[in-house]
> 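Sending over a structure as structure tokens; questions will come in a sec.
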Amino acid sequence: MQELINRAKELLADGTVARVLGWKAGDLPYNPEPAYFETEESLKDFVYNGFCGANLSKYMIEASKLEGKTMVCLKPCDTYSFNQLIKEHRVDRDKAYIVGVGCKGKLDIEKIKKQGIKGIQSIQGAEITDDAETLTIQTIYGEKTCAYKDGMLERCHVCKGKEHQIYDEIIGESKDTKDADRFDEVRRIEAMRPEEKFAFFQSELSKCIRCNACRNVCPACSCRKCVFDSNKFDSSQKANVDSFEEKMFHIIRAFHVAGRCTDCGECSRVCPQGIPLHLFNRKFIKDIDELYGEYQAGEDTDSKGPLTNFTFDDAEPSIVTERG
Amino acid sequence: MSIEAKEEFRPKIVAFCCNWCSYAGADLAGSSRLSYPADVKIIRVPCSCRVNPMFILRAFEKGADGVIMCGCHPGDCHYSTGNYYARRRMTLLFSMLDYIGVENGRTRVEWVSAAEGVKFSTTMNEFVEKIYSLGKNVRLEDIRCRN
Amino acid sequence: MQRIGVFVCHCGSNIAATVDVKRVAEMALMEPGVVHAEDYQYMCSEAGQALIAKAIEEKQLTGLVICSCSPRMHEATFRKAAERAGLNPYMVEIANIREHCSWIHKDMEEATKKAVILMRAAVAKVNLNTPLQPGESLVTKRALVIGGGIAGIQTALDIADAGYEVDIVEKEPSIGGRMSQLDKTFPTLDCSACILTPKMVEAAAHEKINIYTYSEVEKVSGFVGDFTVDIRKKARSVDMDKCTGCGVCQEKCPSKKAPSEFNRGLNNRSAIYTPFAQAIPNVPVIDREHCIKFKTGKCGVCSKVCQAGAIDYDQKDEIVTEKYGAIVVATGFDIIKLDNYDEYAYSQSKDVITSLELERIMNAAGPTSGHLERLSDGKAPKEIVFIQCVGSRCSDDRGKSYCSKICCMYTAKHAMLIRDKYPDVNVTVFYIDVRTPGKNFDEFYRRAVEQYGVNYIKGQVGKVIPQPDGKLLVQGSDLLDNKQILKEADMVVLAAAIEPNPDVRKIATMLTASIDTNNFLTEAHAKLRPVESPTAGIFLSGVCQGPKDIPETVAQAGAAAVKAIGLLAKDKLMTNPCTAKPDETLCNGCSTCANVCPYGAITYEDKEIFDHGIRETRRVAQVNSALCQGCGACTVACPSGAMDLQGFSNRQIIAEVDAICR
Amino acid sequence: MSTEKKQAELIKEISGVNPLKCMKCGKCSASCPSFNEMDIKPHQFVSYVANENIEELVNSKSLWKCLSCFACVERCPRDVKPGKLIDAARQLVVRQKGQNYLTPDEIPELLDPELPQQLLVSAFRRYRR
Amino acid sequence: MYKIAKENLSALFQSIAENQELYLPVEVSGQVNYKAWTPDAKVSLETLKTVKSPKDAFFPQSENLYTVQRDGKKLSIQPEALKEQKFVVFGMKACDIQGVKVLDNVFLSDPVDSFYAARREHGTIVAMACHEPEESCFCKVFGIDCAEPAADVATWMVDGELYWKALTDKGEALTKAVESLLTEADGTDAEKLETEKTAIRAIVEKLPYSDLSLEGWNGDALTEKFNSPVWEELYKPCLACGTCTFVCPTCQCYDIKDYDTGHGVKRYRCWDSCMYSDFTMMAHGNNRTSQLQRFRQRFMHKLVYYPANNNGMYSCVGCGRCVEKCPASLNIVKVIKAFEKQGGDK
């Protein structure tokens with residue numbers, strides 16, 4: 001982390017960048033927030049640890065409009081989003097100085113708390129320099145430990161790899177965290193009977209409170225005005241009704257990002273109700289991979305997306321019924 | 001289900017037809033007097049690529065029991081490539097609907113040329129029969145629209 | 001709120017027999033926005049249209065719904081009627097209650113119910129219709145023809161004869177194209193040059209035709225009726241106005257080692273050259289790669305011998321910018337590279353040649369002055385083998401998947417000509433199929449077999465093995481005898497596949513005209529619009545669209561000319577107003593729409609946008625309504641919903657969906 | 001499904017060849033060095049498989065006359081590759097005759113330590129299908 | 001005071017649910033929220049904080065106001081019926097109860113919101129003390145004692161026993177209805193209860209946010225706070241989602257919208273969020289065009305405008321839900337602290 005701070009200071013000092021986009025220490029051990037630093041002095045609050053899960057690529061949309069360059073800290077998975085945003089002309093590559101930061105898996109405080117750990121006062125073992133094996137947690141109710149893996153976000157268990165797709169330089173080491181196949185959950189649902197599938201999603205989506213956190217955090221959902229907010233479409237609704245509306249919202253959102261979603265996992269991370277929203281996006285990704293050839297959004301900045309492309313012998317929609 | 005119940009159920013079926021092939025195919029079915037059930041109502045669009053997945057979801061939300069989209073055969077699109085895009089969009093949409101537990105068969109895509117009046121009529125007959133066998137769409141409709 | 005009039009047509013009994021038209025009209029009055037409803041015997045009749053006009057006037061209608069036959073039948077009729085009565089024609093919608101209702105349903109109750117729903121959907125749509133104005137754009141009355149082969153020449157002549165200016169751009173120093181390289185033509189066996197040269201001369205002399213030879217298209221912008229094209233005139237090093245075409249420079253030029261393109265590299269030419277004797281223009285060019293003056297700075301012989309003082313070593317490439325209303329692509333073809341066909345020993349033996357090379361050998365102006373001889377030793381061949389389908393009908397990546405179409409016929413022609421001139425030469429043709437659809441074609445092929453004794457063997461050749469004695473051992477199979485054949489030949493002629501000129505890819509990109517996987521330009525409709533590109537204002541002539549022989553090429557050239565003339569004859573173009581239109585405040589500038597547009601109608605522009613109190617410069621989509629054909633692909637691809645299609649807007653279609661489902 | 005049909009399907013599966021792609025040009029037969037030794041010629045092989053005439057095929061001399069030089073595979077313009085079909089037909093016979101598959105565990109016992117590794121690898125390559 | 005053994009609670013719920021609706025924390029797909037009780041519901045009284053606050057019971061996230069039915073060109077209007085069924089909300093924490101008071105000030109003052117009033121009238125609140133408060137809690141800052149929740153009935157869960165004390169007439173009535181299931185508590189129980197309360201309060205003292213100071217947050221500070229440059233930095237990580245608003249027990253803004261049913265319109269209201277770009281959008285446009293303004297609105301409302309209009313009562317109750325749920329880890333505590341810091345810097 002010190003290395004990052006030092007580099008940030010250098011870049012600020014020599015005028016390469018006008019500001020640094022990173023994370024600021026929070027008032028609890030686990031709530032650092034995305035923040036801009038414009039002075040050397042302000043960098044004293046800079047932090048980069050296991051709780052810095054936010055994908056800062058999305059902030060670069062706004063930062064691209066500012067004067068001067070922004071040094072932005074991107075984790076390997078964030079760089080896919082950044083590439084995708086370049087492809088869609090939403091960020092300006094020339095306005096970014098990308099520091100690829102190492103990643104040893106990001107932590108999910110909800111998961112840690114689910115293990116009965118509450119009244120947290122401090123957490124050791126989440127620093128980027130730590131070996132990411134065990135977390136030692138001091139609480140009002142005594143000291144607790146938790147395996148780092150058990151506190152990790154779902155997305156880190158199915159990590160796409162710790163290679164940065166775009167960067168100006170890389171700082172910090174990474175650690176491989178992948179220990180599951182990202183389509184396993186999708187396969188499990190695909191194998192269900194229709195009633196079971198329906199019941200599963202009905203139960204999950206009934207929790208939705210239409211807070212739009214999934215949408216607003218999503219780097220692919222960067223529309224200036226969402227169709228669900230705009231009165232120009234009859235889809236502008238805010239109610240959370242159990243029947244169809246939430247499903248409509250989530251299907252349309254997933255379709256909206258289909259072929260553009262890099263599977264960064266932010267939607268699931270931020271959902272206050274813990275809805276596994278990535279299951280929608282991954283279904284599309286899996287279908288695209290199987291039907292139109294492997295495609296990873298954000299791997300490059302110029303390839304044609306699967307929904308703006310075709311081949312003469314693409315599968316017919318009836319394949320959905322045929323494969324049963 | 002009893003026969004009575006089946007008689008009561010009249011499905012609402014929306015058919016999107018592209019102006020150049022399928023709508024003309026439907027016209028041909030008409031002028032050839034090839035009947036299909038009145039439950040099917042056709043909406044004319046310039047090309048199958050004009051059909052937004054949102055339209056299909058909207059139809060279900062408002063109580064449609066089946067939605068079918070017809071376009072020119074791949075390779076014959078009036079706009080040369082429209083139906084190729086439509087094909088991908090619909091495949092993914094249908095797959096997603098299947099995934100969230102909507103009964104298979106409530107949606108369908110069929111390529112019908114302007115000369116295929118018979119195919120249009122056969123397709124619609126088949127599709128309507130399928131929807132009858134599936135019954136009312138309850139999984140996607142918004143109950144507020146019921147009356 | 002609209003004031004809508006609903007008109008229900010009986011269509012005699014066509015509709016009225018199964019649909020209760022009175023009831024449809026009654027129900028219409030219950031719909032929001034409907035202020036008038038009536039039914040009539042024949043809505044499309046003069047009297048019916050008069051009813052509509054009267055209602056528009058009396059009830060101040062702002063929109064019409066006609067419940068009648070298919071819009072494909074009478075939409076235009078009712079739109080015109082509305083326009084005559086002062087209503088915007090795009091405020092008319094048709095509810096198809098004949099083809100889609102009365103004709104397919106028997107039960108009156110059921111059919112009436114459906115007709116009511118169809119009417120409702122149409123009313124729901126009209127409620128959201130907005131008056132649309134067709135755009136207008138001026139037409140530049142000048143055409144550009146890219147390519148100066150027989151296709152380009154014919155198109156240019158036809159357009160020019162209709163009274164329009166035409167420019168031909170040809171990249172070679174002379175027009176004439178492939179046809180000028182041919183010796184005789186099938187199935188008449190008349191001399192190619194004899195029928196082509198007069199056309200070349202006519203084109204050159206035509207007051208409406210301007211020929212840019214040794215030139216290439218550099219840049220194209222604009223759209224149908226109003227293209228702007230940059231043409232690069234390559235430096236010729238010879239002043240076209242001064243040169244008299246005496247030919248002395250070519251004679252005296254000391255550098256004579258440049259392979260002749262015209263003779264397919266079978267012999268050499270001088271560094272200053274005209275490709276062939278009948279070249280038009282008859283002005284040489286200096287091939288700077290082979291010119292001693294350009295290579296070493298010394299020489300200058302041509303300049304010294306030129307009495308007209310036409311030699312200009314300092315000439316530079318020049319860019320000419322012209323405006324055109326229509327562009328015809330006639331870029332023609334070349335034969336494929338045979339590098340990957342080692343088994344036919346093309347690159348190993350001089351006596352394995354392509355058919356196009358044989359054309360040159362047979363030609364009196366060719367490298368052998370028309371004598372049939374082996375290029376290796378100049379001896380007269382006694383045994384000649386022709387191999388068909390070399391690289392055609394091939395599904396691997398060495399060749400082309402299509403049939404090149406012309407090879408069967410020109411091979412029959414060659415075989416016949418050889419047998420005619422040299423009766424002692426044996427000619428064997430290995431074929432897979434002999435394809436002769438065309439007037440007098442099969443008769444021609446049969447003459448080769450029956451009259452001239454050409455030996456046709458069904459079966460492909462596997463290998464050609466050059467022998468130490470200079471002979472060529474041809475290993476083939478005779479599928480009818482089920483035998484393998486080993487044949488010693490003196491000469492092997494390969495019917496190599498033809499492919500579109502490789503430059504076409506670049507040109508297609510400039511024109512935003514689509515090309516298929518084989519680099520042939522795509523036609524707007526395979527059957528109904530075969531000489532038009534899907535991009536408006538671009539027309540296709542000759543082999544650039546698909547393999548063709550000369551008469552077909554000429555026919556298509558004429559057809560393309562007619563289409564171009566049809567366009568140039570208009571002063572203004574009315575554009576279909578049902579085009580895509582972006583809402584700039586919603587546009588993300590992501591380019592997704594441009595990626596799916598088949599017409600290249602969408603561009604991006606940095607524009608100042610005022611959106612809810614924020615003023616900023618944004619990258620936003622712009623639709624060129626002259627290019628947009630209104631398919632709507634962009635509207636669905638657009639992630640933000642900024643792109644909508646006028647006349648078929650999101651809200652209109654959703655309103656129809658709602659009306660049907662309620 | 002009849003036996004022959006099954007066998008034909010199997011040959012197609014093993015070889016990965018679709019005989020319907022054949023345009024009957026005969027280039028395979030023209031290229032074949034063993035042509036004169038064969039009773040069923042290479043180009044006929046394709047139609048035999050397409051017509052599911054497998055019995056005759058597997059009993060033919062040709063099956064064992066093919067040198068697997070793959071000249072036909074190299075030169076076939078339609079991606080039909082009769083050589084592969086012949087190879088697959090042989091596999092069919094070999095498999096039927098002895099059912100002589102080995103499981104991975106059985107292999108080490110059979111190995112001679114002196115055996116060159118290259119031989120093994122090429123054998124696996126050759127017979128893995 | 002009464003008590004009931006933990007294992008008998010389902011019988012208690014059953015008994016309550018026989019005569020009225022019962023809402024309590026129920027786990028669905030891994031998350032606990034207030035839901036109507038059913039015999040197979042997975043009740044989770046141990047959960048300290050439900051994801052959403054229980055304010056839905058009185059002010060549902062979306063509710064119909066009236067229905068316009070269309071018949072041809074005739075329209076008829078059918079107002080939505082007011083709540084007539086009695087109901088119980090079981091297990092509300094002290095902070096959430098304070099949240100209801102905040103809502104009361106808004107909806108029960110003139111003009112009275114009849115939908116809300118009807119629900120308040122028919123609802124009985126059974127409060128529950130917080131057994132083990134957590135680090136995100138800061139109710140103490142607002143003078144709330146989570147060991148002594150005050151509602152119609154107060155309850156404490158101590159060692160497998162639920163202690164039950166009716167505090168109002170409604171509470172007495174409910175107690176009476178379920179009396180057969182309750183047993184009278186004795187002196188030892190009272191002692192046990194006091195020990196529990198002391199233990200809770202001791203924990204509260206240890207919580208990191210308990211010493212938060214609200215000094216300077218009042219109506220007098222309006223201009224100073226409103227114009228402070230601190231906002232310019234604070235809002236930046238905000239994603240403009242509505243999470244904080246929708247989990248908050250006191251947020252009361254709503255939007256009114258129409259739903260087209262095809263046969264007419266259902267006019268409904270649903271929670272709105274000041275974080276949304278169309279918040280308070282009016283015909284002429286929007287009076288808050290930037291996220292800074294919207295972000296500021298939320299906190300100024302909670303800490304300045306509301307107390308200025310309600311005798312110093314804050315419209316934050318320190319439940320800490322926003323602390324836990326904000327996707328960008330922003331929250332009201334960080335805002336308060338940021339101003340504190342700035343004060344120190346001066």
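These numbers come from the heavy atoms of this one structure, side chains and all, not from hydrogens, waters or symmetry mates.
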> Main chain of A:Lys207, side chain of E:Gln31: is a donor-acceptor contact present, judged purely on distance under 3.5 Å?
no
> Looking only at heavy atoms, what is the nearest atom pair of E:Ala328 and A:Pro34, with distance?
O-CD, 3.6 Å
> Name the member of E:Ser62, E:Gly30, E:Ser277 that forms the most heavy-atom pairs with chain A at distances under 4.5 Å.
E:Ser62
> In Å, rounded to the nearest 0.5 Å, how long is the span from CG of A:Asn212 to CZ of E:Phe246?
7.5 Å
> Apply side chain to side chain donor-acceptor pair (under 3.5 Å) to the pair A:Tyr30 and E:Glu135, showing each step before the final yes or no.
CA-CA 11 Å; A:Tyr30 54 77; E:Glu135 73 278 8; 2.6 Å; yes
> For the residue pair A:Glu62 and E:Gln291, establish whether any side-chain heavy-atom pair is separated by less than 4.5 Å.
no
> Where do E:Cys241 and A:Ala213 come nearest, in terms of heavy atoms and distance?
CB-CA, 3.4 Å
> Which residue is it: E:Thr243, E:Val247, E:Thr245? I am looking for the one with a side-chain contact (heavy atoms from CB on, under 4.5 Å) to A:Cys211.
E:Thr243
> Please state whether the side chain, the backbone, both or neither of E:Glu132 comes within less than 4.5 Å of a heavy atom of chain A.
both
> Which atoms of E:Pro60 are under 4.5 Å from chain A, going by heavy atoms: the side chain, the backbone, both sets, or neither?
neither
> Rounded to the nearest 0.5 Å, how far apart are CG of A:Asp229 and CE of E:Met281?
9.5 Å
> Check each atom of A:Phe51 against the heavy atoms of chain E and say whether the ones under 4.5 Å are side chain, backbone, both or neither.
neither
> Checking E:Trp271 against A:Ile209 for the side chain to side chain contact (heavy atoms under 4.5 Å, CB included) test, could you report, in this order, the C-alpha distance in whole Å, the side-chain angles of both residues, the deciding distance, and whether it holds?
CA-CA 10 Å; E:Trp271 298 351; A:Ile209 57 172; over 6 Å; no
> Could you have a look at A:Lys118, A:Arg269, A:Gln273 and say which one has the most heavy-atom pairs with chain E under 4.5 angstrom?
A:Gln273
> To the nearest 0.5 Å, what is the distance between CD (A:Gln202) and OG (E:Ser29)?
10.5 Å
> Does a side-chain heavy-atom distance below 4.5 Å link E:Leu239 with A:Tyr59?
yes
> Given the rule in the salt bridge (charged side-chain N to carboxylate O under 4.0 Å, His left out) test, do E:Lys325 and A:Glu110 qualify, once you have shown the distances and angles that lead to the verdict?
CA-CA 9 Å; E:Lys325 294 296 180 186; A:Glu110 303 266 333; 3.1 Å; yes
> Most heavy-atom pairs under 4.5 angstrom with chain E, which of A:Glu266, A:Glu204, A:Gln121?
A:Glu204
> With a 4.5 Å cut-off on heavy-atom pairs, point out which of A:Val270, A:Thr139, A:Ile275 contacts chain E the most.
A:Val270
> Need one label for E:Asp260: side chain, backbone, both or neither, based on atoms under 4.5 Å from any heavy atom in chain A.
neither
> Look at atom NZ of E:Lys42 and say whether more than 12 heavy atoms of other residues, nucleotides or ligands are closer to it than 6.0 Å.
no
> Can you tell which part of A:Arg215 gets under 4.5 Å to a heavy atom of chain E, answering side chain, backbone, both or neither?
neither
> Would you check if E:Lys334 and A:Asn31 make a side-chain contact, meaning some heavy-atom pair closer than 4.5 Å?
yes
> Which one of E:Val333, E:Val323, E:Leu207, E:Asp272 has the most heavy-atom pairs closer than 4.5 Å to chain A?
E:Asp272
> Considering only heavy atoms from C-beta outward, does the side chain of E:Pro208 approach that of A:Asp27 to under 4.5 Å?
no
> Heavy-atom pairs under 4.5 Å with chain E are the metric here; pick the option from A:Gly53, A:Ala35, A:Pro272, A:Gly119 that has the most.
A:Pro272
> Under 4.5 Å heavy-atom distance to chain E, tell me which part of A:Lys114 shows up: side chain, backbone, both or neither.
side chain
> Below 4.5 Å, heavy atoms only, C-beta onward: do E:Lys236 and A:Glu33 meet side chain to side chain?
no
> To the nearest 0.5 Å, what is the distance between NZ on A:Lys113 and OG on E:Ser136?
5.0 Å
